[in-house]
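To keep things clear, I will list the structure first and then write my remarks on it.
Counting starts at 1 for both ligands and their atoms, following the listed order. Numbering starts at 1 and runs along the sequence shown.
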Amino acid sequence: GRDVTEQRRTQDLVVAALEKERTAVERLQAIDEAKNEFVSTVSHELRTPVTSIVGYTELLQDGTLVAPADDQLPLLDSIARNGQRLIVLCNDLLLLSGLDSGEVSWQAEEVDLAGLLEAVQEATAALLVGRDLDVTWQRPPHPVVTLGDGAQLERVMLNLVANAVKFTEDVGVVRVRLETTAGEAVLVVSDTGIGIPIEEQDGLFERFFRSSTAQEQAIQGTGLGLSIVASVVQAHGGSIAVRSAHLEGSTFTVRLPLQA
Ligand code: ADP
């Protein structure tokens, strides 16, 4: 009789402990949802006024309303540039909170990665103006088809290439290569830039990560880009990996399943 009572008491304790754990998990989930909602609302509310500031600044810049004096132009440029940065930041935060809450709706269409890379190459030209970087592009002459969201996948490629350009000194090399192996599309973006110290690489794909080197050299950024890249790649059933050495360079490799 006593054994049975004892057993029941233990069972009750276990049930109570499990119940407590469950409510703790639920509480954390609720907090996480509230955080997402907060980030999303704030980003949204910030974006509207900033967009209007940038819009009016552009009107002043183009001089049709009032012709700005020469010494005012650099100030207007700075307002517009920083406003744009805020808009990008708001958009990134909105996207991330959408990814977290599962609210981002993905397109699932056949996407030609080789075609996307061509568009990325064209877009990259603007980043290279006034720089003496050696950038090479390599891609198969045939379509490389995966299933997914073209706009998001283009963003992945552009982000990696833009980082390679941004974190490489003028006398450097950036190589972009798309190839196919058994059932996979492989995108390799390598540079001879500042690299990432090995002991910092664990946090690389986390939000707001910025390497000590990037901060020391005052290279601007939010540390959101790569976390978005990693989320998008993951959502497409792919993977991303990095090999990097401090002050020597970095190689990012993205693998995505090919459409059969
Ligand atoms: P951002 O470029 O806005 O800072 P990212 O999320 O794209 O944000 O990158 C996060 C950090 O990872 C960068 O600040 C930098 O420290 C490091 N990083 C990313 N790409 C490279 C690269 N190609 N070479 C060196 N460091 C890089």
Side-chain angles (χ1 to χ4, degrees), residues 39 43 46-47 50 81-100 104 116-117 120-121 123-124 126-128 131-138 151-178 186-236 238-255:
V39 170
S43 311
L46 281 174
R47 192 173 56 173
V50 174
R81 207 174 43 247
N82 285 293
Q84 286 295 356
R85 282 177 52 200
L86 277 177
I87 292 174
V88 170
L89 176 62
C90 290
N91 286 339
D92 284 356
L93 286 170
L94 274 171
L95 179 61
L96 274 169
S97 67
L99 287 169
D100 280 354
V104 172
L116 284 189
L117 194 59
V120 168
Q121 181 173 353
T124 303
L127 306 176
L128 297 174
R131 309 226 15 206
D132 196 20
L133 267 185
D134 175 16
V135 185
T136 63
W137 302 81
Q138 228 177 304
Q152 297 295 346
L153 289 172
E154 181 168 344
R155 183 200 168 107
V156 164
M157 295 181 166
L158 188 59
N159 224 307
L160 292 176
V161 174
N163 275 350
V165 168
K166 182 162 84 168
F167 293 107
T168 304
E169 316 276 329
D170 273 335
V171 274
V173 182
V174 171
R175 300 210 179 294
V176 187
R177 191 175 79 239
L178 177 68
V186 185
L187 175 76
V188 184
V189 181
S190 67
D191 64 61
T192 57
I194 63 171
I196 301 139
I198 196 109
E199 65 277 10
E200 294 177 21
Q201 287 176 17
D202 271 355
L204 182 60
F205 296 106
E206 266 155 44
R207 262 159 240 196
F208 301 110
F209 170 86
R210 309 212 54 233
S211 71
S212 54
T213 332
Q215 293 180 57
E216 278 153 23
Q217 302 196 8
I219 303 173
Q220 276 177 358
T222 60
L224 289 176
L226 276 183
S227 70
I228 294 175
V229 164
S231 297
V232 172
V233 169
Q234 240 161 39
H236 283 78
S239 66
I240 183 165
V242 67
R243 276 186 48 201
S244 181
H246 185 45
L247 300 180
E248 281 176 25
S250 312
T251 300
F252 287 84
T253 305
V254 172
R255 294 170 181 277

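- Using a 4.5 Å cut-off on side-chain heavy atoms (C-beta onward), Phe209 and Leu226 make no contact.
- Short contacts between ligand 1 and Thr222, defined as distances under 4.0 Å to a heavy atom of the residue, involve ligand atoms 1 (P), 3 (O), 4 (O).
- At least one donor-acceptor pair under 3.5 Å links the side chain of Lys166 to the backbone N or O of Gln220.
- Partners of Asn159 by side-chain contact (heavy atoms from CB on, under 4.5 Å), not counting sequence neighbours, listed by chain and number: Arg155, Asn163, Val229.
- For the side chain to side chain contact (heavy atoms under 4.5 Å, CB included) with Ile228, the lone residue among Val233, Asp92, Asn91 that qualifies is Asp92.
- Ligand 1 places these atoms under 4.0 Å from at least one heavy atom of Leu204: 12 (O).
- The neighbour count for Glu169 CD, taken as heavy atoms of other residues, nucleotides or ligands under 6.0 Å away, does not exceed 12.
- Of all atoms in ligand 1, listed by their number and element, those nearer than 4.0 Å to a heavy atom of Ala214 are 16 (O).
- Of the protein's heavy atoms, Phe167 CZ, 3.4 Å lies nearest to atom 13 (C) of ligand 1.
- Looking at Thr213 and Phe167, their side chains never come closer than 4.5 Å, going by heavy atoms from C-beta outward.
- The environment of CZ in Arg243 is sparse: at most 12 heavy-atom neighbours from other residues, nucleotides or ligands sit within 6.0 Å.
- Among all non-hydrogen protein atoms, the one lying nearest atom 7 (O) of ligand 1 is Asn163 ND2, 2.8 Å.
- If you number the atoms of ligand 1 from 1 as listed, the ones under 4.0 Å from a heavy atom of Ser250 come out as 22 (C), 24 (N), 25 (C).
- Between the side chain of Ser97 and the main chain of Leu94, a donor-acceptor pair closer than 3.5 Å is present.
- Glu200 contributes a side-chain N or O that, together with a main-chain N or O of Ser212, makes up a donor-acceptor pair within less than 3.5 Å.
- Using a 4.5 Å heavy-atom cutoff, the side chains of Leu187 and Leu117 are in contact.
- Counting heavy atoms only, Gly223 comes closest to atom 1 (P) of ligand 1 of the residues Ser190, Gly223, Gly225.
- Counting the atoms of ligand 1 from 1 in the order shown, those under 4.0 Å from a heavy atom of Leu224 are 6 (O), 8 (O).
- Not close to ligand 1: Gly193, with no non-hydrogen atom less than 4.0 angstrom away.
- When non-hydrogen atoms are compared, ligand 1 lies under 4.0 Å from the backbone of Ser211 as well as from its side chain.
- Of the polar atoms of Ser227, none of the N or O atoms is found under 3.5 Å from an N or O of ligand 1, judged by distance alone.
- Scanning the protein for heavy atoms near atom 26 (N) of ligand 1, the closest one is Ile196 CG1, 3.4 Å.
- Closest heavy-atom approach to atom 14 (O) of ligand 1 among the candidates Arg210, Gln201, Arg207, Glu200: Arg210.
- Side-chain contact between Val50 and Cys90: absent, with no pair of heavy atoms (C-beta onward) separated by less than 4.5 Å.
- Ligand 1 places these atoms under 4.0 Å from at least one heavy atom of Gly221: 1 (P), 3 (O), 4 (O).
- Of the listed residues (Phe252, Phe209, Phe208), the one carrying the non-hydrogen atom nearest atom 11 (C) of ligand 1 is Phe209.
- On a distance-only criterion, Leu226 and ligand 1 share at least one N/O pair closer than 3.5 Å.
- Looking at Leu160 against ligand 1, nothing comes within 4.0 Å, counting heavy atoms.
- The closest approach between a heavy atom of Gln215 and any atom of ligand 1 is not below 4.0 Å.
- Taking every heavy atom of Lys166 and a limit of under 4.0 angstrom, the matching atoms of ligand 1 come to 1 (P), 2 (O), 3 (O).
- A donor-acceptor contact shorter than 3.5 Å is absent between the side chain of Asp191 and the backbone of Val174.
- Nearest protein heavy-atom contact of atom 23 (N) of ligand 1 is Asp191 OD2, 2.9 Å.
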